[in-house]
Each structure stands twice: as C-alpha cells, then as structure tokens.
Amino acid sequence: MFATLPTIIPFAEIKNSEAIPMSEISKEYDFKQVEERWVDTWDESIYYFDWNSDGPQYIIDTPPPYPTGNFHIGNALNWCYIDFVARYKRMRGYNVMFPQGWDCHGLPTEVKVEEIHKITKNEVPREEFRRLCEELTAQNIAKMRVTMRRLGFSNDWSNEYVTMLPDYYSKTQRSFVRMFEKGMIYREDHPVNWCPRCGTAIAFAEVEYDSRTTALNYLRFGSNLGDLEIATSRPELLAACVAVAVHPEDEKHGKYIGTEVQVPVFDYNVPVIADEVVDPTFGTGVVMICTFGDKQDVRWWVEHDLPLRQAIDRAGRMTEIAGKFAGMTIPECKEAIIEEMRSLGIIYKQESLDQNVGLCWRCKTAIEILSERQWFVKINPSEIIETSTEIEWVPEHMEIRLKNWTGTMDWDWCISRQRIFATPIPVWYCKKCGEPLVAKEDWLPLDPNLAQPPISCPGCGSDEFDPETDVLDTWMDSSISALNVTGWLSDHPPRYPAQLRPQGHDIIRTWAFYTILRAKALVGVRPWDSILVNGMVLGEDGHKMSKSLNNFIAPEEVVVKYGADAFRQWAAVGGSPGSDVMFRWKDVISGGRFLQKLWSMYRFSAPHAVKSSDAAPNQVDRWLLFELSTMIEAVTDSMDRFQFDEAFRAIRGFAWDVLADNYIELVKSRLYGADGPEKRAAQSTIYTAIEALTSLLAPFTPFIAEEIRQNLSGESVHTSSWPMPSGIPAQPEGSVIKDVAAAVRRYKSDRGMALNSPLAGIEVYSDLDLETIDLSGSTSSPVAVKRGSPKIETRAVEVKPQMKAIGPVFKNLSGEIIRKITSIDPEEVARQLETGKIEIEVGEEVVELGPEAVEIATETLSAGKAVEMIILAGVTVLIRTGS
RNA sequence: GGGCCCGUGGUCUAGUCGGUUAUGACAUCGCCCUUACACGGCGGGGAUCACGCGUUCGAAUCGCGUCGGGCCCA
C-alpha cells in the first residue's frame with residue numbers, strides 16, 4: 001500500500017506571523033555589511049571579567065604583543081585560538097578574562113623614533129626621547145586595536161595594560177626590588193653578550209646564530225721548546241690572549257704543558273694549560289684562550305682562574321692593550337693584524353672555516369662577549385623544570401623545548417640594558433662611597449635620573465647620588481604579565497595562577513621561561529595551569545611568513561576580501577594547534593563559501609524555524625536530533641582539548657552534510673505542507689538545530705552566528721550558553737530513511753532525471769517500521785514499506801572476510817582462514833551462512849565461523865521487469881520506474 | 001654536531017595506543033538551474049600512506065635504519 005503524497009501548499013499562501021519571510025532576506029550573504037554593523041553595535045562589556053564573582057575563573061595570560069602598529073597574521077592566528085577558547089569558556093559559564101596588554105619597551109621603537117624625527121637618542125634629553133617613544137607607541141596601539149576589533153576578538157578591554165605606563169612599570173620595579181631583597185638579583189662584573197652596534201648587553205635569548213665563513217689562521221707562538229703552532233679564527237683578539245690550551249693526552253704538544261709561551265706581536269708570556277675539552281684534531285690541536293672569544297673561553301677563564309684582558313670596548317673598538325691597533329674597529333684590527341703577522345712570517349697558513357656566529361637578534365651584528373658590571377637574575381634550572389611539569393603543555397612535546405633550553409645557559413640572566421625607552425632600574429649610587437642604594441617599594445614608581453632618594457646613604461650618610469642610567473630588559477616587564485592579569489599588586493585579591501598561556505613556539509625559551517621563573521620567584525606558584533602553543537604562519541610558498549621573503553599577507557587584506565569570519569575559519573582548520581600553519585587563500589575562500597551556505601540555510605529556515613512544544617518529533621526528526629546531540633558531544637570534547645580544527649570540521653560537517661543536504665531535503669514537503677503536528681515537529685527540529693548551530697559557531701564565526709541568532713530569536717548568541725547534548729538515543733529508522741532517500745536521489749541523478757520527477761513507486765523492504773511521509777515527500781513518489789525481502793533472485797559473488805572479527809578469535813590461523821574462505825564458491829558460503837554458521841577446513845581441522853566473520857556481496861539477477869533494486873545496510877529498495 | 005616535529009591523491013591535510021573499501025578541502029572530469037544556496041547538488045577519476053628491514057594472522061599506524069623537509073639549540 002502506497003502512502004499518499006502530502007498536499008503541497010503554494011509558498012505564497014503560507015503565512016507565519018512569527019517567522020521572517022524568505023524574500024526579505026538577501027540571497028547573497030553580505031559579510032561586510034553584517035560584520036561592520038556588529039563591530040559598531042556590540043556591547044563589549046559582556047566580555048568583562050568579574051573581579052567580584054565567586055564563579056569558576058578562566059584567566060588567559062594573553063602574551064602582550066610589541067606595538068609595531070601592524071597586527072600581523074601570526075598574532076592573528078594566536079588571537080583566533082585565544083578567542084575560540086575565551087568565547088567557548090564564557091559560554092560554558094566561566095568567568096573569563098581575555099585581557100590585552102602591550103609590551104612597549106624596546107629598541108625597535110627607539111630606532112623608529114630616531115628615524116621619524118631624524119635625531120639620535122643622545123641629541124635630545126632622556127625624558128624628551130622617552131616621550132617621543134611613548135607617543136609613537138600610543139599611535140601604534142590605537143592602530144592595532146582597530147584590527148583586533150575588526151577580527152571579532154572578544155578582548156576584555158577593561159583589563160588592558162600598557163607596560164610603558166607607571167601603573168604597570170611600577171609593578172616591574174617592585175618585582176625588581178622584591179627579588180633584590182630576596183637575594184635573587186645581584187650586580188657584578190661578569191661576561192655578558194654584548195652588541196657593539198646597539199651598545200648594550202643582551203641576554204642569551206636575544207642571541208641568534210647564523211653560519212658564516214671565516215679564515216682559520218695558523219700562527220706561531222714563541223717558546224723555549226720551539227715554536228708552538230696554534231690555529232685561531234680570531235687573531236684580532238691576540239692582545240686578549242691569557243693562555244694557550246692543549247689536550248692533556250696530546251703527545252705532540254704535551255711537553256709544553258706547564259710552560260709559558262710568548263704571544264706574538266704583543267710579546268708577553270701566557271701559560272700553557274691542559275684541558276680535555278680541546279679537540280686535538282681541530283687546527284693544530286692547540287687553542288688560544290682569549291677574554292673573550294666565545295663562551296668556551298669564559299668557561300676556561302673561570303675554571304683555570306685566568307686573568308682578564310679586555311681588548312674590545314663597548315663600542316666595538318680596540319682598547320689600549322691592543323697597542324698600535326687601539327681605536328680600530330674589530331674588522332679593521334683583524335685585517336691589520338693579519339697583514340702585520342703575514343709580513344713578519346708569524347702566520348704561515350690560512351684556510352677557510354665554516355662557523356656559526358652569534359648575532360644580535362635585533363640588528364644582526366656579530367655579538368662580542370665583554371666583561372661588564374651588570375645586573376643579573378639568578379637562574380635555578382631545576383626549579384623551572386619542576387614547575388613546568390605542573391603545567392599542561394598542548395601539544396605535550398613542546399615542554400621538551402623548554403627543558404632543553406633550560407639546561408644550556410652558562411650564566412645567569414643579564415637584565416640591565418644600556419638604552420632609554422625601558423623601565424628604569426630604581427637604583428642610585430652614593431657619590432662618596434660608591435655603594436648602591438636600591439629603592440624601597442613604597443617609593444615606586446620612579447626614575448632615578450629624575451628623582452633623588454628620600455634618605456641619605458645608609459653607608460656613609462652622604463646625600464649626593466648618581467642615578468643608575470641602565471634600564472631593565474623588556475622581558476622584565478613582560479614576564480610578569482601572568483601575575484599582572486591575575487591581580488598581583490592590585491586592589492583585587494590575587495587570583496593566580498592564570499588558567500591559560502597561549503603563545504608561539506618561537507618564544508618558549510624566552511617568554512615561557514622567564515614567566516615561569518618570575519612567578520616562582522615572586523609568588524611561589526606556577527604562572528598558569530596550561531600553555532597552548534601555536535605554530536608559525538607560513539606563506540603560500542611554504543616558508544615562514546615575513547616581509548623580507550615577500551610572502552607577507554596582512555590580516556586586513558583578507559578581511560576586506562572575505563571577511564573576518566572567513567579568516568577565522570582558516571585559523572580554525574588550517575592546522576591543529578602547535579603545528580605550523582600555511583596561509584592559503586583557498587582556505588579563506590572555502591570559509592567564505594561556508595558562510596554563504598549557512599546564509600542560504602538560514603534564508604530557507606527563517607519562515608520555517610518555529611519553536612513549538614506540542615509536536616512529537618518523527619523518526620527523521622529524531623535522527624537529526626540524535627546527530628546533533630552526538631556532534632555537540634564531540635565538539636565539546638574537541639574544544640576541551642583545544643583541537644579547534646577537529647571541532648570546526650565536525651560543526652561544518654553537521655551543518656552542511658547532515659542538516660542541509662539531508663535533513664532539510666527530507667522534511668521540505670512537511671514544511672510546505674498543511675499545518676499540523678508533523679509540520680510543527682519539523683519546524684521545531686529546524687529551530688533547535690539552527691539555534692544550537694549558531695551557539696556552536698559563535699566562538700569561530702562570531703559575526704554570522706550573531707546575525708542569524710539575533711534574527712532567529714532576538715537574543716545575542718554571545719551571551720547564550722553552550723548547547724548541551726540532548727542525549728536522545730540512537731534509533732535506526734531515521735538513518736535508514738535518510739539512506740533510502742539519498743539512494744533514490746543518486747538513482748535519479750545517475751539516470752539524468754530531475755530530482756523532483758516522480759517515480760511510479762518505491763518499495764522499501766525492511767524489518768523496521770519506517771515512516772513514509774518524508775520519504776515520499778523527498779522523492780516525490782509513493783512509498784510502501786514491506787517486511788522481509790523482495791522476490792528477486794540474488795547471487796553471491798564475493799566473500800569479504802571481516803578482519804576485525806576473525807583476527808582476535810583465530811590469531812595466527814586468520815591468514816589461512818581468509819585464504820580458504822575467499823577461494824571457495826561465494827554461493828556455497830552464502831548457503832552456509834543462512835544456517836547461521838560457516839564451517840571450513842583449515843589444514844587438518846574444521847573451523848566454525850559465525851555470521852559476523854564474513855560479508856557477502858551480491859548481484860541482482862534481473863527478473864526482466866522494470867524494477868531496479870538498491871541494497872543498503874538493513875534495507876532493500878525496489879524502484880518501479882513505471883515503464 | 002645535538003634535540004624536537006614532520007613526510008598520506010596534482011596541492012594542502014585528517015587518521016597514528018594495529019583491524020573491512022584511508023578523511024576532508026582546493027583543483028580536475030561528467031551529469032543536474034530539484035519551490036535555501038550553481039559560492040549549489042549528485043557522481044567519477046586520481047594515494048604502492050617517503051624508502052628499506054623487522055615485529056604481527058594483519059602495519060599509514062609499533063620498532064630499527066636510510067633519505068628528505070621544518071623548527072629550536074650548539
């Protein structure tokens with residue numbers, strides 16, 4: 001018996017006072033208009049953290065970017081991740097803080113200011129120069145804020161901080177004072193990495209390495225035992241030579257150990273020492289130790305208690321001890337000294353040598369190691385490594401980078417810098433006795449260059465002081481960001497640790513390292529519960545995106561062309577967090593297409609999506625609700641693991657495949673049909689699905705999610721809750737109906753038939769009680785559901801062994817069983833299968849297989865009638881074509 | 001030189017505590033303007049899962065090695 005076709009009511013006659021008619025909704029999604037409108041109208045106070053709330057907190061230690069004026073695509077990727085998390089956690093009921101900070105201090109701004117005003121920093125008063133830097137920084141921050149808003153980030157602007165302002169840098173200064181008082185900060189003469197161009201000390205983290213080719217010079221040192229031949233790549237440091245080293249078991253040079261040799265050109269004696277680190281196969285096997293050619297020299301210097309001979313000054317020029325070379329630059333001296341030694345026959349050989357040299361990461365000048373009186377922070381590697389194990393690293397393996405780095409530092413963190421635009425070190429030196437006077441906490445903030453201490457010198461009572469002109473390393477500012485956002489030294493009770501630190505893997509050795517160090521030193525706890533590490537953004541050529549490689553794309557350019565929601569989809573699906581992500585226009589384009597698809601779905605749904613409570617969902621509705629519930633569960637799980645690609649793919653898959661391509665096609669006839677419980681059930685199901693969909697999309701595509709949700713229900717999606725899975729149980733009927741409808745659609749498509757062309761009849765053979773309303777509606781054909789199997793002859797043509805079932809039971813017999821069962825006649829296997837078991841001989845024994853062990857592929861034997869058969873899992877469909 | 005990550009259709013990618021026919025996007029080909037969407041729908045072609053050896057009944061997945069790439073460091 002065929003079910004009757006539902007009556008079709010013309011669209012124009014459908015009146016629904018609650019819903020928006022489709023015709024009023026534009027066919028094309030206008031992302032520009034929608035996004036710009038929401039940027040202008042959103043009330044950002046809904047993103048504010050509530051300091052007074054007792055609810056569960058979720059504080060994000062946003063890494064404060066350097067205000068260059070351009071919010072680049074790498075920032076944008078990281079901020080997308082942060083925003084996904086922040087919006088998700090808010091919807092889960094957390095009291096979320098997504099603060100925005102600005103890490104202002106630093107050399108690039110000083111350089112830029114010098115460029116803009118055509119001055120050098122020494123030409124204007126210190127205070128004036130600082131003011132110009134602040135002015136430029138403020139302009140740059142303003143520019144970057146615009147981009148961030150346009151990208152839809154839900155920053156908490158009530159918790160913005162700017163490290164160059166007294167509010168913040170007083171905390172930096174207080175952290176300095178506290179750590180000094182705890183004995184964690186000290187000042188002493190110590191080798192430091194020095195950039196001669198910038199004229200400042202720099203930390204290991206600021207040293208970059210590059211391979212260069214240089215000359216290895218072979219020269220002779222005079223000795224009573226006969227000239228000693230040594231090889232060096234740094235002859236310009238000859239005047240700084242304090243010893244010569246050989247390997248203790250070096251047979252050729254062993255006799256020199258303990259004697260003295262004469263340094264050529266400068267004619268003074270240095271000892272020959274034995275040290276196992278010397279590579280006897282490199283050069284001549286003899287190495288000259290200078291203060292300081294490299295880090296190894298520093299180690300030897302300490303170990304063997306050698307004297308200090310400083311041949312290079314702060315400006316990178318040769319000092320007095322270099323004699324007639326004094327005043328030359330390093331390259332000038334190198335050239336002159338080689339020339340001199342050549343003419344004297346001291347250099348007897350030169351060969352080229354590939355080596356890696358340390359460079360200043362800002363200006364790429366080769367760094368020198370100088371002994372300078374500087375401020376240092378003590379590093380306790382084991383404490384940092386221990387603390388990092390308390391932190392959840394995502395992805396896990398990134399923690400190894402921190403551990404590796406932590407073990408490689410040869411000396412403490414040098415925190416003084418010889419610059420202007422930075423946090424002043426709150427210290428004076430007594431003019432009379434020279435003792436340093438470190439400010440007390442309640443004097444702060446201050447600049448010792450502008451203020452005098454309120455007390456006399458505790459040592460000698462003098463009232464005359466010189467200010468400390470050095471300033472603090474910028475990492476001293478930024479490494480307390482985690483403490484700052486959790487309310488340290490604020491009016492609020494502190495809430496550390498923060499829950500999340502999102503950052504790139506390129507700054508693990510700096511930011512993550514220093515922040516852990518400082519949190520432990522200052523408050524004794526880890527700075528964060530979790531750290532989420534994002535990859536670098538690669539250009540479409542596969543290389544790290546940078547202006548110099550000319551593969552650079554600005555986020556603004558993408559937003560203008562495809563919108564923020566499309567851009568954010570690239571961030572979500574471009575790669576899983578931690579891996580590098582290539583920027584690809586086609587990902588953005590496909591994101592834009594999805595927006596259009598969503599818009600079309602909404603445009604269709606608008607007149608039909610109506611909440612109602614009195615209509616029980618039918619089988620197809622329940623199938624959709626089950627798929628929705630399952631998807632919500634999966635997405636929630638993915639979000640909890642920060643797997644945004646997984647989460648977004650699941651949402652998009654549901655929206656596109658399940659809801660649009662299948663469910664909506666199935667229920668159209670009900671929606672266009674006469675009012676009644678069946679229609680209302682479909683309307684209500686669509687409403688539920690779209691409502692949930694907009695919530696799930698809200699963290700990813702906040703603009704279109706808001707637009708649709710506001711139109712649908714008049715409420716903001718961004719104050720709504722994350723959907724909960726309904727937990728509706730799985731029932732096979734709806735899924736089978738969907739499969740049959742899809743099969744019929746394919747059938748028509750294969751034959752070039754219009755998809756709405758009616759068939760004479762469809763018979764569905766199944767043991768399930770299938771409802772026919774949506775099947776007949778979506779196929780435009782009468783449908784009958786029958787029990788059992790159709791009277792059609794079939795023949796087994798292939799036996800497909802099921803490895804999953806056979807393997808675990810028969811173990812190493814499996815191979816033989818598979819070979820056997822696929823070699824016998826499939827018809828025979830099929831006959832046996834009807835008895836419920838299959839017996840086959842394997843070698844000597846007879847093995848019994850259950851029905852789960854095989855699947856039989858069959859072929860229909862045509863009965864010569866106008867009947868087509870489609871066999872699906874659990875159902876057989878017969879189509880009467882009517883011819 | 002060391003550490004970490006990676007190598008899957010033309011391109012990019014999912015899957016990686018072993019188990020039917022390896023996911024998706026973009027590209028490509030064919031058919032279809034079906035009362036939301038042609039920025040759409042249906043279908044097709046296209047991958048010896050870098051290579052070799054091993055463990056196993058069974059390997060993209062586990063182990064070892066080789067080659068190639070990236071990142072961090074020396």
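What you see is a predicted model, and the numbers here were worked out from it, not measured in a lab. All heavy atoms count here, side chains included; hydrogens, waters and symmetry mates do not. Chain letters run A, B, ... following the sequence lines, proteins first and then strands; every chain starts at 1.
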Phe642(A) and Tyr81(A) aromatic centres sub-6.0 Å: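 Centroid separation for Phe642(A) and Tyr81(A): 6.0 Å or greater.
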Taking the ring of Trp585(A) and the ring of Phe583(A), is the distance between their centroids below 6.0 Å?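 Yes, close enough.
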Quick check for you: among [options], whose closest atom lies nearest to any side-chain atom of [X]?
X: Phe604(A); options: A25(B), A14(B), A36(B); answer: A36(B)
X: Lys27(A); options: A38(B), U35(B), C26(B); answer: A38(B)
X: Gln596(A); options: C39(B), A36(B), U13(B); answer: C39(B)
X: Trp656(A); options: G41(B), C37(B), A25(B); answer: G41(B)
X: Arg652(A); options: A36(B), G24(B), G41(B); answer: G24(B)

Among residues at least two apart in sequence or on other chains, which ones pass ring pair (Phe, Tyr, Trp, His ring centres under 6.0 Å) with Phe292(A)?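 Listed in chain order: Trp301(A).
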Quick one: [X] [atom1] to [N] [atom2], roughly how many Å, whole number?
X: Leu666(A); N: C42(B); atom1: CG; atom2: P; answer: 12 Å
X: Tyr562(A); N: C39(B); atom1: OH; atom2: C1'; answer: 10 Å
X: Met582(A); N: C71(B); atom1: CE; atom2: C1'; answer: 15 Å
X: Phe583(A); N: A25(B); atom1: CZ; atom2: P; answer: 20 Å
X: Lys748(A); N: C33(B); atom1: NZ; atom2: P; answer: 13 Å
X: Arg649(A); N: U23(B); atom1: CZ; atom2: P; answer: 14 Å
X: Trp585(A); N: C26(B); atom1: CH2; atom2: P; answer: 17 Å
X: Ile704(A); N: C37(B); atom1: CD1; atom2: P; answer: 16 Å

Please give the distance between the [atom1] atoms of [N] and [M] as a whole number of Å.
N: A74(B); M: U11(B); atom1: C1'; answer: 36 Å
N: A50(B); M: G9(B); atom1: C1'; answer: 15 Å
N: U8(B); M: C49(B); atom1: C1'; answer: 4 Å
N: C62(B); M: U56(B); atom1: C1'; answer: 10 Å
N: A59(B); M: G54(B); atom1: C1'; answer: 11 Å
N: U13(B); M: G24(B); atom1: C1'; answer: 8 Å
N: C51(B); M: G43(B); atom1: P; answer: 31 Å
N: C57(B); M: G65(B); atom1: P; answer: 24 Å

Applying side chain to side chain contact (heavy atoms under 4.5 Å, CB included), can you list everything that pairs with [X], at least two apart in sequence or on another chain?
X: Asp294(A); value: Gln296(A), Asp297(A)
X: Arg593(A); value: Ile589(A)
X: Glu399(A); value: Ser388(A), Thr389(A), Trp393(A), Lys403(A)

Indicate, with a heavy-atom threshold strictly under 4.0 Å, whether [X] touches base, sugar-phosphate, or nothing.
X: Ala660(A); result: base
X: Trp570(A); result: nothing
X: Lys668(A); result: base

Mind listing the N/O atom pairs, protein and nucleotides 5-10 of chain B, below 3.5 Å?
none

If you take atom types as modelled and just measure distance, does the side chain of Glu28(A) reach the base of C39(B) with a donor-acceptor pair under 3.5 Å?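 Result: at least one qualifying N/O pair found.
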Can you check whether any acceptor in the base of A25(B) is under 3.5 Å from a donor in the side chain of Gln569(A), or vice versa?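 Check fails, no donor-acceptor contact within cut-off.
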Provide the closest heavy-atom pair for Lys597(A) versus Ala660(A) in the form atom of the first, atom of the second, distance.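 What the structure gives for the nearest pair is CE-CB, 3.8 Å.
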If you take all heavy atoms of Val394(A) and Arg641(A), which pair is closest and at what distance?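 Taking every non-hydrogen atom into account, CG1-O, 4.4 Å.
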Using the six-membered ring wherever Trp is involved, compare the ring planes of Phe604(A) and Tyr672(A) and label them parallel, tilted or perpendicular (cut-offs 30° and 60°).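 Taking Tyr672(A) first and then Phe604(A), their aromatic rings stand perpendicular (interplane angle over 60°).
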Mind checking whether Trp413(A) and Tyr514(A) have parallel, tilted or perpendicular rings, split at 30° and 60°?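 The rings of Trp413(A) and Tyr514(A) lie parallel, inter-plane angle below 30°.
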Distance check: side-chain N/O of Arg745(A) vs OP1/OP2 of C32(B), anything under 4.0 Å?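 No, because none of the side-chain N or O atoms of Arg745(A) sits under 4.0 Å from OP1 or OP2 of C32(B).
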Between Lys597(A) and G41(B), is there a side-chain N or O to OP1/OP2 distance below 4.0 Å?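 It does, given that an N or O in the side chain of Lys597(A) lies less than 4.0 Å from OP1 or OP2 of G41(B).
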Is the number of heavy atoms from other residues, nucleotides or ligands within 6.0 Å of CD (Glu678(A)) greater than 12?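 Counting other residues, nucleotides and ligands, CD of Glu678(A) stays at 12 neighbours or fewer.
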Here's a test of your reading of the structure: between Leu659(A) and Gly592(A), which maps to the more 5' nucleotide of RNA chain B?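 Closer to the 5' end of RNA chain B: Leu659(A).
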For Glu35(A) and Ala564(A), indicate whether the former's side chain and the latter's backbone hold a donor-acceptor pair under 3.5 Å.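 Such a contact is found between Glu35(A) side chain and Ala564(A) backbone.
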What does the 5'-to-3' dot-bracket notation of RNA chain B look like when only Watson-Crick and G-U wobble pairs under 3.5 Å count, and pairs to other strands show as |? (((((((..(((......[....))).(((((.......))))).....(((((..]....)))))))))))).
